[in-house]
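Note sheet for the following structure.
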Amino acid sequence: MRLLFFMIAANFMITSCINEEPDIPLDEFSKNKETVLVKNWFNDNKTTLRLPMGGTNFRTESQELILPFFEKEPDWNKFHHYYFPDGREVFEINLDNDEFYIPSSSEDENTLKNGAIQNIMFVKDPLEECFDPLIVRYFPDDASSARDFNDLYYLAIDEKWSGWIDLFSYDEHHLIGFRIDQGTKVSSRTLSQESQLGSESSSSAKMVYECTETITDWYQITTVAGSSSSLEYLDTTFSKECEWVDMGGGPTGDGVVGGGGGSSPSGPNPYIPPVIPAPKLIIEIDLTVAKHPRVNCIVGKLQMSDFVQGIASFVKTGDLTRNSVIKLGSLGINGPNGHTKMKSGGIIEITINRDNLDKRSDLVIARTILHELTHAEIYAALKANGETALDGDFGKNFDKFINVFYGSDDFNLGGDQHHRYMAENLMGKMSEALMNIHNYQFPQDYQSLNDLVKRNGDYPNGVTVEFYKNIFWSGFKDTFAFAQMEEIKTNFPISSPYEKFARDQYTSTLLTKTCGN
Amino acid sequence: MWQLIVFIQIWFLLQLPTPDYVVLIINDCKLAKYVSRGESPERFFITLDYKDERKLILVGHDYLDQTDMPSTMSMSFAEIQQRDPLYTSDLKTFEAWANQVAYRKDEKKIFILLSKDYCSGNRFITNQQFTLYEVNVLLQHDE
């Protein structure tokens, strides 16, 4: 086992975090800055990402499973962008290779048809401009868990998906697998050539660590023109699946497996794969939304967002698996655009004001829903002891914004803790998410906006994330951050941040196309 | 029969069409800030930053697409007064702005008289013509 960890650690020590200054063409950079950055880094470093001894053998004395290496061919047009709970940035990109591995012979070709997916995850180093690559393979149990690339990624396992998720190093060392039943992680596995059962056990007064063993045959399948053409037996492995069984209460430590590892070039720490948090918000779409074509359309488009998928999944009206609900309600013509509250029974209720919808553009309605979703996720994070995809250091950051932080009410900062936290910690992520939603889900609206802001000279090169930040500010007016922004003065003709906020708020009212029409 | 004819004529006289717009005079002369967005045709927005429950109110005459270009009209001050105009200085609450301007139940269009015109003293000149601009109004709701 030590050898396994040593090899994995050595692998990442050798292969990761190689500093290279990417040479990014300006026009391409502006199209998709982040993926171009990853792509350039990968192209510069892919020849060094393998173990020096990495070859065709898939078995070593360590008993670990090492599958044959093949050159990875990411499809850069299919990617997810999200953050691990510890704050590390992740780009998960689909692999366009014909080669694929499947863990049993029984389903062989059907496994592919059932929606098995293999992606490469680039986990950004928090300190340096480099990435840790991981191969992640999703093996659904059956056709009911078949998903498209867009609908499934590491932090967006929906509540109906069942199967195995296996993580491999870039050069195909198997690291760990997770068993997912109905969207919940129930056990993990490591793979070994020999039986491991009985070699390790643990117990405590209230918990029993139970292990079962599964024998798995591994096959390589190669596809040509979309259909499978060859199936080659590779190896047989034994996996020990262990889980804590609660025999009488007590915390289970659910949701924390590994995590915080990463690959550091400065020490021999074993690589520990990142955590898999299941989405915490399971939001029921109330009939009031489902029957409102425009709002239902906007909610549908928001569901395509990586940001939203990272914190929430949506279920239909009446689905009792939900822990939250989104609905339209009458909050009055003078009332708020939306509000979120925790109801008795722990259900988080998001209400969007239906009384002023007709006067609001799709973009600002989407903003309100994102704003309220974030409130809901904060409530959920507080229930889950601070675990959230929003922020790897949620507890510490959120606690800074209790009222005493600013001394007294004399500061006249009536904004609540949620808003203060969101304004200072999440504005960037929320704005980026809204911009992506606008760009990809409302392309016509986005193009019209670009034409307008160029014509007016507000954003001569096209709209930027600053516009979307200014759109979000209206929900954070009672915060210290807003007061600071408002205080910044400039000399004519340079517009102050507050003037830009007012300008962009106004511009957002001019977008008239309605979702679905 | 003749009574019915007279009644119908009187009824029609009483049902004279009312204008489908409301005139709002921006008379918060120091508060209103005019921000030009283009001169030909004139496009602009006005900020009214009340710093109270009304918060920041934005009133604008602009368009995204040529086909959505808002209208203008010309009127003397005497004619404007005959339209029973609203004055921004009278709209002292968020509710007043919502009910009388932004979310009118009768959905009448809002035309404004700019503060630079109202506050200039030109309104005292006989038959001076003013341009009224159709606007949309944005209120800042809480979230």
Side-chain angles (χ1 to χ4, degrees), chain A residues 331-340 352-353 355-361 364 367-372 374-375 414-416 418-419 422 445 447-449 451-453 455-458 472-478 486 495 498-513, chain B residues 31-70 91-110 134-143:
Chain A
L331 302 177
I333 206 77
N334 309 315
N337 292 323
H339 73 195
T340 301
I352 305 300
N353 192 355
D355 295 332
N356 60 5
L357 282 176
D358 292 344
K359 292 282 186 177
R360 309 184 67 214
S361 66
V364 294
R367 176 206 73 201
T368 298
I369 296 173
L370 265 187
H371 179 110
E372 300 306 326
T374 308
H375 275 302
D416 60 48
H418 280 215
H419 283 155
M422 288 156 74
D445 215 38
Q447 187 57 51
S448 300
L449 175 67
D451 295 343
L452 180 69
V453 297
R455 185 180 76 197
N456 287 343
D458 303 337
F472 268 112
W473 271 125
S474 71
F476 304 132
K477 287 189 294 294
D478 294 329
E486 196 174 6
S495 300
Y498 187 75
E499 287 165 340
K500 290 178 181 173
F501 152 73
R503 177 198 69 196
D504 291 345
Q505 285 287 316
Y506 177 70
T507 300
S508 72
T509 67
L510 300 175
L511 300 169
T512 51
K513 186 179 183 311
Chain B
L31 187 72
K33 288 195 171 67
Y34 175 95
V35 181
S36 174
R37 312 299 287 149
E39 292 177 355
S40 182
E42 186 170 11
R43 297 181 293 118
F44 61 86
F45 69 87
I46 291 167
T47 65
L48 293 157
D49 199 354
Y50 286 109
K51 308 287 186 193
D52 58 22
E53 63 148 2
R54 290 171 288 182
K55 301 170 194 152
L56 173 67
I57 292 175
L58 297 160
V59 178
H61 176 82
D62 202 349
Y63 59 90
L64 190 66
D65 188 88
Q66 285 274 355
T67 56
D68 299 327
M69 193 153 64
L91 302 170
K92 296 191 181 302
T93 63
F94 187 90
E95 189 177 2
W97 272 96
N99 294 335
Q100 296 179 52
V101 183
Y103 310 118
R104 290 181 65 91
K105 284 182 180 169
D106 59 14
E107 298 185 345
K108 287 185 175 179
K109 293 175 182 175
I110 306 294
E134 184 186 353
V135 293
N136 57 347
V137 179
L138 175 66
L139 307 184
Q140 306 284 319
H141 293 258
D142 291 332
E143 286 185 350

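Lettering of chains follows the sequences in order, A, B, ..., and the numbering in each one begins at 1.
Using a 4.5 Å cut-off between heavy atoms, His371(A) contacts chain B through its side chain alone, with no backbone atom that close. Residue Asp451(A): no heavy atom, backbone or side chain, is found under 4.5 Å from chain B. Residue Phe472(A): no heavy atom, backbone or side chain, is found under 4.5 Å from chain B. Of the atoms belonging to Leu331(A), not a single heavy atom falls under 4.5 Å from chain B. Arg360(A) touches chain B through its side chain: at least one heavy atom from C-beta onward sits under 4.5 Å away, while N, CA, C and O do not. Of the atoms belonging to Glu372(A), it is side-chain heavy atoms, and not backbone ones, that fall under 4.5 Å from chain B.
Atoms OG1 and OH, on Thr512(A) and Tyr63(B) in that order, are 13.5 Å from each other to the nearest 0.5 Å. Summarising the geometry, atom CZ belonging to Arg503(A) is positioned 12.5 Å from atom CG belonging to Leu58(B); distances are rounded to the nearest 0.5 Å. Between the NZ atom of Lys105(B) and the CD1 atom of Ile333(A) there is a distance of 8.5 Å, given to the nearest 0.5 Å.
No more than 12 heavy atoms of other residues, nucleotides or ligands lie within 6.0 Å of CG in Asp358(A), so this atom counts as exposed by the packing criterion.
Using a 4.0 Å cut-off between a side-chain N of Lys or Arg and a carboxylate O of Asp or Glu, Asp65(B) and Lys513(A) do not qualify as a salt bridge. Salt-bridge check for Lys33(B) with Glu499(A): failed, with every basic side-chain N at 4.0 Å or more from each acidic carboxylate O.
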Do Val137(B) and Lys359(A) pass the side-chain contact (heavy atoms from CB on, under 4.5 Å) test, and can you show the C-alpha distance, the side-chain angles, and the key distance before you say yes or no? CA-CA 9 Å; Val137(B) 179; Lys359(A) 292 282 186 177; over 6 Å; no
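Looking at heavy atoms from C-beta onward, Asn356(A) lies in side-chain contact with Tyr103(B) at the 4.5 angstrom threshold. Residues Glu143(B) and His375(A) are not in side-chain contact: their nearest non-hydrogen atoms beyond the backbone lie 4.5 Å or more apart. Side-chain contact check for Leu510(A) versus Asp68(B): every heavy-atom pair is 4.5 Å or farther apart. Put simply, the side chain of Phe45(B) does not reach to within 4.5 Å of the side chain of Thr507(A), judged on heavy atoms. Contact of the Leu56(B) side chain with the Tyr498(A) side chain is registered, since non-hydrogen atoms from C-beta on lie closer than 4.5 Å. Contact annotation: the side chain of Tyr506(A) approaches that of Asp62(B) to within less than 4.5 Å [non-hydrogen atoms, C-beta and beyond].
The two residues Asn456(A) and Arg43(B) make their nearest non-hydrogen contact at OD1-NH1, 2.9 Å.
Put simply, of Asn353(A), Asp355(A), Leu452(A), Asp458(A), the one with the most heavy-atom pairs under 4.5 Å next to chain B is Asp458(A). In terms of heavy-atom pairs under 4.5 angstrom with chain A, the leader among Val35(B), Asp49(B), Leu139(B) is Asp49(B).
Of the possible donor and acceptor atoms, none in the side chain of His141(B) sits under 3.5 Å from a partner among the backbone N and O of Asn337(A).
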